[in-house]
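Below: the structure, in structure tokens.
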Protein chains: 2
Amino acid sequence: MGDIALLANVSKPTVSRVLNNSPLVNEETRERVLRVAREHGYAINRNAQKLRQARNDTVAVVLDFGSHRAGRIADPFIFELLAGVSEALSVRNQDLLLSPPSLTDVQSHLDLISSRVADGFIFLGQGVREPMLRDLARAGAAFVVWGGVDPKEPYCSVGSDNRLGGQLAGELFVKRQAKRWLYVGNIAHSEIRMRYDGLCEVAATHGDVHVAHLDVEQMAYASTYQSMVAWLQKNPPPDAVFAFSDTAAIAIVAAFREFGLEAPTDYALCGYNNIPPAADFTPALTTIEQETHLAGAILVEKLMQILEGGKPKSSLLPTRLIVRQT
Amino acid sequence: MGDIALLANVSKPTVSRVLNNSPLVNEETRERVLRVAREHGYAINRNAQKLRQARNDTVAVVLDFGSHRAGRIADPFIFELLAGVSEALSVRNQDLLLSPPSLTDVQSHLDLISSRVADGFIFLGQGVREPMLRDLARAGAAFVVWGGVDPKEPYCSVGSDNRLGGQLAGELFVKRQAKRWLYVGNIAHSEIRMRYDGLCEVAATHGDVHVAHLDVEQMAYASTYQSMVAWLQKNPPPDAVFAFSDTAAIAIVAAFREFGLEAPTDYALCGYNNIPPAADFTPALTTIEQETHLAGAILVEKLMQILEGGKPKSSLLPTRLIVRQT
DNA sequence: TTGTAAGCGTTATCAC
DNA sequence: GTGATAACGCTTACAA
């Protein structure tokens, strides 16, 4: 920067002002400086800049690869979110640091902030980290979460209305006159648990309905299939199944087929996410669709509010049932 | 850091040495410094550190959201790669910066390096950027690419053997005695084009085989479906179809069904990637599997070699045909 | 084995 | 409007 200043016959602070679009500089000076900078392919050293400034203009995004890898990744769902966040951060000139898998406890997250790497976090999927997130909030870290929205939590989250999703599935099952329902999903994840809660709520209003629950450890295709097969070997088949994802629903269809059972004849089946192949699967999957294209922008917006001292409220995005064959 | 130095009765450089695991410090001093640092929740300011050092220990990863978003993301494939890269970088204490969508031309990439944000790039999927990548290589930027491997390119790439994948599909079609082949995919992407080349090679050795090509603009489900329907309205149906992805293959099944055609009776069909639902789709999809779990580590390894002045060679990962119903 | 001094490239402060 | 100066927090070179 010193060189540019010399070549343009100005001082360093002036160059800095030009590069930061300060309104305080003479139009003529500005153009001269810009020209010289361009000619010499000058690019500002962002580390020096960040060292001097209060903010880092960097957001760490936490993906739960742990839950989604392990075999093969489940629905591409979470990555649409990532694309949205990436876009929204870019618009605001914020860098996106993808959080390393080694970041697990509260302290390592806090360290990332105190070492001035990132200003705050966006968690995509709270996974099984709720206690950690509570502690992180208590420690005063800036972050927002995509996942299950619980107004009682001390942090800001954005998510689709999972409880409503569960209710919609429940109402569908009632309409199909199913009595032995099965919920498949790892309810340690709060968004998954809230769907279960919604389902149970509807069940509770119908005395003759019983809801069972099958836990799947990993959110991948193969493990869901295996758990489902194992379950069917030990239990009488349910007449309605609500799966935590469409990929899981596909695995469930395969598992039931092993026992000569087909949807919708032998059981009703509802998936989640409305992934593209769901409509063309045989049988075409009934599923719940989440409204996600705005999620990235909303998450970024709320985090920026927090970084500016605000206290944005959590918010819910709509959810709707898409009835197909199953 | 000054504070810690004072409290531990040493100088700043000594604190620095301790924190960087320098072997030059007395064991006793080291422990005292570490204790004080821990007690005060001290974390090094990484911006100051990066400002002072030659390397940034940051790698920018470029995802082609442009190709994969647009509707809904195609196969989750590219994100398994991302998980692998994230893991491998973390092991080497390298930060992962997710490249903003605004980074498109050579200059903006070079700027990211000259502004000392990242040391180099990992491109996941070369997309339609080959000319840009060539220029970037010419400009001396450090980067590696996942995608189609062409030894003639002036940069280091890692990818599965796409040409072999095409040949495998071709041999399958020969065995099924198909004569009118159709390749579906955007051959502006080199990895997609190489599969086409492999297919055509096999076709060329069989005089009576004709290969047609259907271009799809966006790699998403819906656009593939629409293109396929439009094509079938204007052309006699092929008796063998090779799709650039399994998701595309599923779209193709749906499109053919509109015309009363089913695989494998009316046509042979081969997908790509072996995504989890492929085996349970009706009909079960024949597909090509790529060996990807090592890809992330290999990409990172090669980039590190480049950053240390080396010139690693491009390399191919194995590919195999998985024959199912179609 | 440890300390002193200088400098990395920016921006904030304050003077002009 | 613009410039001089200091300061951000660290590491390197060199001295002790």
Side-chain angles (χ1 to χ4, degrees), chain A residues 1-38 40-58 93-95 110-119, chain B residues 1-38 40-58 93-95 110-119:
Chain A
M1 184 178 234
D3 300 347
I4 303 297
L6 238 62
L7 289 162
N9 270 318
V10 290
S11 65
K12 282 196 291 177
T14 301
V15 177
S16 173
R17 283 188 270 259
V18 170
L19 265 30
N20 290 292
N21 295 314
S22 160
L24 294 166
V25 282
N26 189 327
E27 196 50 40
E28 206 177 308
T29 324
R30 146 170 287 118
E31 295 199 347
R32 181 156 34 94
V33 171
L34 281 178
R35 187 169 42 72
V36 175
R38 219 177 307 112
H40 291 256
Y42 172 76
I44 215 161
N45 183 321
R46 301 246 256 113
N47 296 312
Q49 191 173 48
K50 290 177 178 180
L51 173 59
R52 201 64 182 76
Q53 292 180 330
R55 278 274 290 273
N56 277 294
D57 292 344
T58 301
N93 283 311
Q94 303 286 311
D95 289 340
L110 291 174
D111 284 347
L112 205 68
I113 290 179
S114 36
S115 45
R116 306 286 322 277
V117 172
D119 296 318
Chain B
M1 183 177 235
D3 301 346
I4 303 297
L6 239 61
L7 289 163
N9 270 316
V10 290
S11 66
K12 280 196 293 177
T14 299
V15 177
S16 172
R17 283 187 271 258
V18 169
L19 264 32
N20 291 292
N21 295 314
S22 159
L24 294 166
V25 281
N26 188 325
E27 197 48 40
E28 205 177 309
T29 323
R30 146 169 288 119
E31 296 198 346
R32 180 158 32 96
V33 171
L34 282 177
R35 187 169 44 72
V36 174
R38 218 177 306 113
H40 291 255
Y42 171 76
I44 215 160
N45 183 321
R46 303 248 255 110
N47 297 313
Q49 193 173 48
K50 289 176 179 182
L51 173 59
R52 199 64 180 73
Q53 292 179 330
R55 278 272 291 273
N56 276 295
D57 292 344
T58 301
N93 283 309
Q94 303 287 311
D95 290 341
L110 291 174
D111 284 348
L112 205 68
I113 291 179
S114 36
S115 40
R116 305 288 321 277
V117 172
D119 297 317

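Chain letters run A, B, ... following the sequence lines, proteins first and then strands; every chain starts at 1.
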Problem set entry | Side-chain donor/acceptor of Ser114(A) to backbone N/O of Leu110(A), under 3.5 Å | yes
For this session: Using atom types as modelled and distance alone, determine if a side-chain donor or acceptor of Ser16(B) lies under 3.5 Å from a backbone N or O of Lys12(B).
Result: no
Exercise. If you walk 5' to 3' along DNA chain D, what is the first nucleotide with an atom under 4.0 Å of a heavy atom in chain B, and what is the last?
Worked result: dG9(D) to dT12(D)
Problem set entry | side chain to side chain donor-acceptor pair (under 3.5 Å) partners for Ser22(B), two or more places apart |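 Expected list: none.
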For this session: Rounding to 10 degrees, work out the angle separating the end axes of the helix from dT1(C)-dA16(D) to dC16(C)-dG1(D) (five pairs an end).
Result: 30°
Shortest non-hydrogen contact from [X] to [Y]?
| X | Y | answer |
| --- | --- | --- |
| Ile113(B) | Asp119(B) | CD1-O, 3.9 Å |
| Arg17(A) | Arg30(A) | O-NH2, 4.5 Å |
| Asn93(B) | Asp57(B) | O-CB, 4.1 Å |

For this session: With Val33(B) as reference, evaluate Val10(B), Asn9(B), Val25(B), Leu7(B) under the side-chain contact (heavy atoms from CB on, under 4.5 Å) test and give the passing residue.
Result: Val10(B)
Exercise. In residues 7-24 of chain B, which residues come under 4.0 Å of DNA chain D by heavy atom?
Worked result: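 Nucleic-acid contacts, sorted: Lys12(B), Pro13(B), Ser16(B), Asn20(B).
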For this session: Identify the 5'-most and 3'-most nucleotides of DNA chain C with at least one atom closer than 4.0 Å to a non-hydrogen atom of chain A.
Result: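 Both ends considered, the range comes out as dG9(C) to dA12(C).
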Exercise. Pick the nucleotide of DNA chain C nearest each of Asn26(B) and Leu51(B); which residue has the one closer to the 5' end?
Worked result: Asn26(B)
Problem set entry | Contact nearer the 5' end of DNA chain C, comparing Thr29(B) with Arg52(B) |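 Counting from the 5' end, the first nearest nucleotide belongs to Thr29(B).
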Residues 42-54 of chain A side chain polar contacts: donor-acceptor under 3.5 Å, at least two apart:
{"from": "Asn45(A)", "atom 1": "OD1", "to": "Asn47(A)", "atom 2": "N", "distance (Å)": "2.8"}
{"from": "Asn45(A)", "atom 1": "OD1", "to": "Ala48(A)", "atom 2": "N", "distance (Å)": "3.2"}
{"from": "Arg46(A)", "atom 1": "NH1", "to": "Asp95(A)", "atom 2": "OD2", "distance (Å)": "3.3"}
{"from": "Arg46(A)", "atom 1": "NH2", "to": "Asp95(A)", "atom 2": "OD1", "distance (Å)": "3.3"}
{"from": "Arg46(A)", "atom 1": "NH2", "to": "Asp95(A)", "atom 2": "OD2", "distance (Å)": "3.4"}
{"from": "Asn47(A)", "atom 1": "ND2", "to": "Asn56(B)", "atom 2": "OD1", "distance (Å)": "3.0"}
{"from": "Asn47(A)", "atom 1": "ND2", "to": "Arg116(B)", "atom 2": "O", "distance (Å)": "2.8"}
{"from": "Lys50(A)", "atom 1": "NZ", "to": "Thr58(A)", "atom 2": "OG1", "distance (Å)": "3.2"}
{"from": "Lys50(A)", "atom 1": "NZ", "to": "Asp95(A)", "atom 2": "OD2", "distance (Å)": "3.4"}

